[in-house]
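Read through the structure below, which is laid out as C-alpha cells, and then see the notes.
Owing to the predicted nature of the structure, the values given are computational and were not obtained by experimental measurement. Throughout, protein chains are lettered first and strands after them, A, B, ... in sequence-line order, and every chain is numbered starting at 1. Only heavy atoms go into these numbers, but all of them, side chains included; no hydrogens, no water, no symmetry mates.
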Amino acid sequence: MRISWGPQHPMSGQVRILIDTDGERVLNIIPDIGFTHRGIEKILENRNVVQGIVPIERMVMVDTANIALSYVRAAEEILGIEPPKRAQYIRVILCEVCRILSHLYGFGLAAEACGGYPAVFLWTTADREPFLDLMERITGTRWSYSFFVPGGVYADFPDKIKEKFLATLDYFEQRLEAYRRAWFENKIFEARAKNVGILKPEDALRLGAAGPNLRGSGVALDVRKDEPYEAYDEIDFKVVTRPEGDSYARLMIRYLEMVESVKILRQAIENMPSGPYRKFVSPLRRLPKGEAYTRVETARGEIGVHMISDGGTKPYRVKIVSPTLRNLYVVSQMPKISEVLLADVPVILYSFDPWYLDADR
Amino acid sequence: MVEATESKILETIKSNFLQDIEEAEVLRPKRISITVKSEKIVDVARFLKEKLNFDYLLSVSAVDYIKENRFQIIYYVLSSKNKIVLLLRTNIPRDKPSVPSLISVWEAVDYHERETWEMFGIVFEGHPNLTRLLLPEDWEGGHPLRKDFKLSSSEGV
C-alpha cells in the first residue's frame, strides 16, 4: 500500500513523503521535494554579492548565519580579502548561536515525532528566547540577520552585553542538564529511538549523510576541524561522534554539539580581540575572474558554495551544495539497509533533522 | 602554499590517465580540480574512488558557457581520509548534452544528477531514474539554470 504524507502535514516544512508498505514493514520511502523551490541559484546569478546575501539566507531561516557565511566566504576568496580578527570572532559567535537555535528546534521536532513530548518542544522553543534576545542586541533582528558582509560584519559587537551573554550560557547549561534527564534517561524515548534506523559508517559515507548524521555513525568529519575557517583554529572544541548510528545516536550528537557550542561561545566571548570589525568593500566592486569553493559546517552538515566569476559585478554561477538534499537521499535508502516499520518513519526522518527549504533552494 | 598531498594526488592521476586529462591543477590547499574527456569520466571516477579514496560524494552541478557553446559538468567529491575536495569536470557540447552517469561509481549522485538533468537538460546515460526532482511534474518552461532562460524579473535588476 502506498501512503502519501503531506505536503500539508502537522510537522514543520513543506514536503510530501510517499511510503510503500507491506503490512507494518516499509518497503520504500520516497521524499517528494521541491514544494518550496525558489531557484535561489538562479536568483544569485542576477544579484551582486551583497544583494545575494538576503536570498541565500532564505535557505534555512533558523540557521542563517552559517548559510550566509558560506556565501560571503566564497565572495571573499574571489576578492582576495580576509576579514579582521574581531570580525572572525563575531562570526563564530553568530554561527554557534545559530547552531544552538537550530539544534533546539530540530530536537523539539524530533521529540514530537517520537510521540508524546509536547512539553519538550515547548521547552526548546522557550529556551531559544534568551538567545534570540542576544541576537537582537548584536544584529538588530531576531531572525535572518544579513549581518555578514564581504570584508567583515555589518556592525561591531557591543561589549557591554558580554556579561549578559555569559549569564545566558550559564542558564542554558542548566537547561541542558534538564534536557538530559528528561530525554536521554527517558524509557519511552529510548524505546522509540534506540536501534531504530541504524546507519553503518560505510553506508553513511556511501550514501552521503551530512554533518551530525555522519558523526552519529562514528565518522568524524567536521569542516570546523578539517579545514578550520574564521577563528575556529584558535578555539578548543571536540568533534563529537557516537558509534551506534541509530536515531538515538543522531539526536544525542545534536545534544552533545550544543554542549560543545557553549564551550566555543565562552572562549569566543572571552578571547575576542579588539580592533576593526570590517574592511569596507563596495557592493558595486567587480569580482575578479576566478572561482572559489567554500565549505562551512552548518547545523545540518556541510554546505558548499561554488562561486564562479567571469569578471562582472554578479557571479556567473553559484552552486549551493545542500546538506539536507544529501540527508534526504539517505532517508530514502533506509528501508534498503535496515528494517523500518511504519511507526519508525517519523522517528527516522526527524532524527536526520531535515529542513526541506534547504533541499529545495 | 600547496601541500604535498595535493600535488601527489594530482601526479598519480596524471600518470594514470595521461591521454584523458585535459587540465589538472591544485586550486588552493585542499582543493583539486581536474578536467577529463567525457567518454573517460567513469574510468577516472572509479580510479579516484578505489585508488585515491575519494569516497564521499558531495554534489553534482553544471555551468552553462553559452558563448563557447558548451556545458561543464562538475562532480564534487571529498576524500574522508585526506579531507580534500576534488572537482571532477568534463565539458560537453551544448547542442548534444549527454554524458555517462556516475551512478555505478558513487551511488549518492542519484538526486544530484536528476537535479542537473532538469535544471540544464543534460542527459546522464545509464541513470536508472531520470525524473523530475524539484520542478513540478507538469513543468514545461524549459531548463531554468540555462543562461538563455530569462527570469521575468531579471531585466530590471
Heaviest contributor of heavy-atom pairs below 4.5 Å to chain A, chosen from B:Val63, B:Leu57, B:Leu58, is B:Leu58
Within a strict 4.5 Å, meaning less than it, do heavy atoms of the A:Thr298 and A:Asp358 side chains meet? no
What part of A:Lys42 gets within 4.5 angstrom of chain B, counting heavy atoms only: side chain, backbone, both, or neither? both
If one checks every heavy atom of A:Ala292 against chain B at 4.5 Å, the contacting part turns out to be neither
If you count heavy-atom pairs under 4.5 Å with chain A, which of B:Met119, B:Lys49, B:Arg132, B:Arg89 comes out on top? B:Arg89
Engaged part of B:Leu27 at the chain A interface, taking heavy atoms whose separation is under 4.5 Å: side chain
Here the pair of heavy atoms bringing A:Asp226 nearest to A:Ala220 is OD1-O, 4.4 Å
Quick one: what part of B:Glu137 sits under 4.5 Å from any heavy atom of chain A, side chain, backbone, both or neither? side chain
Non-hydrogen atoms of chain B under 4.5 Å away: do they reach the side chain of A:Ser332, the backbone, both or neither? side chain
Under 4.5 Å from any heavy atom of chain B - which part of A:Leu205: both
Most heavy-atom pairs under 4.5 angstrom with chain A, which of B:Lys147, B:Glu115, B:His112? B:Lys147
Ring-face cation of B:Lys37 near B:Phe17 (centre distance under 6.0 Å, axis angle within 45°): no
Can you classify the ring geometry of A:Tyr229 versus A:Tyr232 as parallel (below 30°), tilted (30 to 60°) or perpendicular (above 60°)? perpendicular
Should A:Arg250 and A:Pro212 count as side-chain neighbours, where that means a heavy-atom distance under 4.5 Å? no
Pick whichever of B:Ile74, B:Leu78, B:Val109 has the most heavy-atom pairs under 4.5 Å with chain A. B:Leu78
Whether B:Asp64 and B:Arg94 form a salt bridge (side-chain N of Lys/Arg under 4.0 Å from carboxylate O of Asp/Glu) is what I want to check. yes
Could you look at A:Leu207 and say if it's the side chain, the backbone, both or neither that has a heavy atom under 4.5 Å from chain B? both
Ring geometry between B:Tyr76 and A:Tyr293 (parallel below 30°, tilted from 30 to 60°, perpendicular above 60°): parallel
Within 45° cone and under 6.0 Å: A:Lys225 NZ/CZ vs A:Phe237 ring: yes
With a 4.5 angstrom heavy-atom cut-off, which part of A:Pro323 approaches chain B: side chain, backbone, both or neither? neither
Is the shortest heavy-atom distance from the side chain of B:Tyr56 to the side chain of A:Arg326 under 4.5 Å? yes
So what's closer than 4.5 Å to chain B heavy atoms on A:Arg361: side chain, backbone, both or neither? side chain
Interchain contact, B:Val60 with chain A, by part (heavy-atom threshold 4.5 Å): backbone
Judged by atom type as modelled, is there a donor-acceptor pair below 3.5 Å linking the side chain of A:Asp32 to the main-chain atoms of A:Leu18? no
In terms of heavy-atom pairs under 4.5 Å with chain B, which of A:Gln333, A:Glu41, A:Glu291 leads? A:Glu291
